[in-house]
Amino acid sequence: MASLSLTLGIVKPDAVEGGKTGQIVAHLEQAGFVLRAARLVRLSEAQAGAFYEVHRGRPFYAELVRFMTSGPCLPMALQRIDAVAHLRTVIGATDPAEAAAGTIRKLFAESKGRNAIHASDSQDNAEREVGFFFAEGELAGLWDGKNVDSKG
Ligand code: ADP
């Protein structure tokens, strides 16, 4: 049976700067996600580099770190039934030109690099990434799951 889990989303600097944060959070809530933690942060180069460590060596790595440090972003711990898979579906493909209609990247992203939102791509990464930004005690108190039972 599907179970409640957490994943990490980040409203990226292009979307924060473009005034899309509220619309993106509303979109996530409409999709059944509940915010358990969120904080506006300006990442340092070291933090962005560590967060995207897996991409070190890829051609877009330097551009990605530059972009992610260019302004504030909003990391969010998001809870839902099957949170990781659902968030990947809701955000859409990396390149907005290839993203499905109605997805966050189709609606709000500018380009493959400046693509509005990050989402963890596996359960292991979700745990690592939630822990990267939030301490256990910062995750808002236990939530009973009432609002998502019908949307699982
Ligand atoms: P996703 O964010 O969809 O999981 P990846 O993990 O492949 O995508 O890449 C991480 C991030 O790096 C992307 O969201 C995007 O901001 C950036 N990126 C990936 N590929 C490119 C590219 N070819 N050119 C520029 N930026 C890219």
Side-chain angles (χ1 to χ4, degrees), residues 2-136 138-139 148 151-152:
S3 61
L4 276 176
S5 53
L6 280 180
T7 190
L8 188 87
I10 307 177
V11 181
K12 291 185 174 181
D14 59 320
V16 173
E17 187 61 29
K20 309 294 187 196
T21 307
Q23 290 177 75
I24 289 174
V25 171
H27 197 101
L28 294 170
E29 290 183 334
Q30 297 256 318
F33 290 94
V34 172
L35 275 176
R36 291 287 306 276
R39 187 194 303 118
L40 204 60
V41 294
R42 177 83 184 256
L43 295 178
S44 68
E45 210 175 304
Q47 286 172 315
F51 184 79
Y52 281 113
E53 183 65 40
V54 64
H55 293 309
R56 196 182 291 272
R58 305 275 290 275
F60 58 84
Y61 179 74
E63 180 188 331
L64 176 59
V65 170
R66 206 176 317 118
F67 165 56
M68 290 303 290
T69 57
S70 66
C73 63
L74 186 80
M76 305 166 287
L78 295 163
Q79 189 175 40
R80 196 200 188 282
I81 290 171
D82 285 343
V84 172
H86 276 286
L87 189 58
R88 293 300 304 189
T89 302
V90 165
I91 72 170
T94 308
D95 185 343
E98 290 164 18
T103 58
I104 289 175
R105 282 168 167 169
K106 183 55 123 191
L107 291 168
F108 301 111
E110 295 173 18
S111 64
K112 192 169 187 179
R114 299 169 61 84
N115 61 359
I117 188 163
H118 166 85
S120 307
D121 63 3
S122 69
Q123 189 59 42
D124 282 353
N125 282 340
E127 285 167 26
R128 179 184 81 82
E129 293 179 0
V130 168
F132 187 93
F133 287 106
F134 303 109
E136 191 88 2
E138 290 179 283
L139 300 171
V148 297
K151 296 181 187 170

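All ligand and atom numbering here is 1-based and tracks the order in the structure. Along the sequence shown, residues carry numbers from 1. The figures that follow rest on heavy atoms only: side chains count, while hydrogens, waters and symmetry mates do not.
Other residues, nucleotides and ligands contribute at most 12 non-hydrogen atoms within 6.0 Å of the CD atom of E17. E138 CD: more than 12 foreign heavy atoms inside a 6.0 Å radius.
Taking only nitrogen or oxygen atoms, main chain and side chain alike, T94 reaches within less than 3.5 Å of ligand 1. For the pair Y52 and ligand 1, the shortest N or O to N or O distance does not fall below 3.5 Å. On a distance-only criterion, H55 and ligand 1 share at least one N/O pair closer than 3.5 Å. Considering backbone and side-chain N/O of G113, one or more are found under 3.5 Å from N/O of ligand 1. Checking only distances, R88 does come within under 3.5 Å of ligand 1, N or O to N or O.
Atom 27 (C) of ligand 1 has its nearest heavy-atom neighbour, among F60, Y61, F67, in F60.
For the side chain to side chain contact (heavy atoms under 4.5 Å, CB included) with M76, the qualifying choice from L28, L8, T7 is L28, the only one to do so.
Closest approach of A116 and A15 over heavy atoms only: O-CB, 3.7 Å.
Side-chain contact, E129 with S120: a donor N or O sits under 3.5 Å from an acceptor N or O.
Contact analysis leaves M68 out of contact with ligand 1, as no non-hydrogen atom separation drops below 4.0 angstrom. Within the 4.0 Å heavy-atom cutoff, K112 counts among the residues contacting ligand 1. Ligand 1 is approached by K12 to a heavy-atom distance shorter than 4.0 Å. For the ligand labelled ligand 1, residue N115 lies inside the 4.0 Å heavy-atom shell.
In this structure, atom 2 (O) of ligand 1 lies nearest to the protein heavy atom R105 NH2, 3.0 Å.
When ring centroids are compared, H86 and F33 stay outside the 6.0 Å threshold.
In this structure the side chain of D14 never reaches within 4.5 angstrom of the side chain of F108, judged on heavy atoms.
Between R56 and E53 there is a salt bridge, since at least one side-chain N of the basic residue sits less than 4.0 Å from a carboxylate O of the acidic one.
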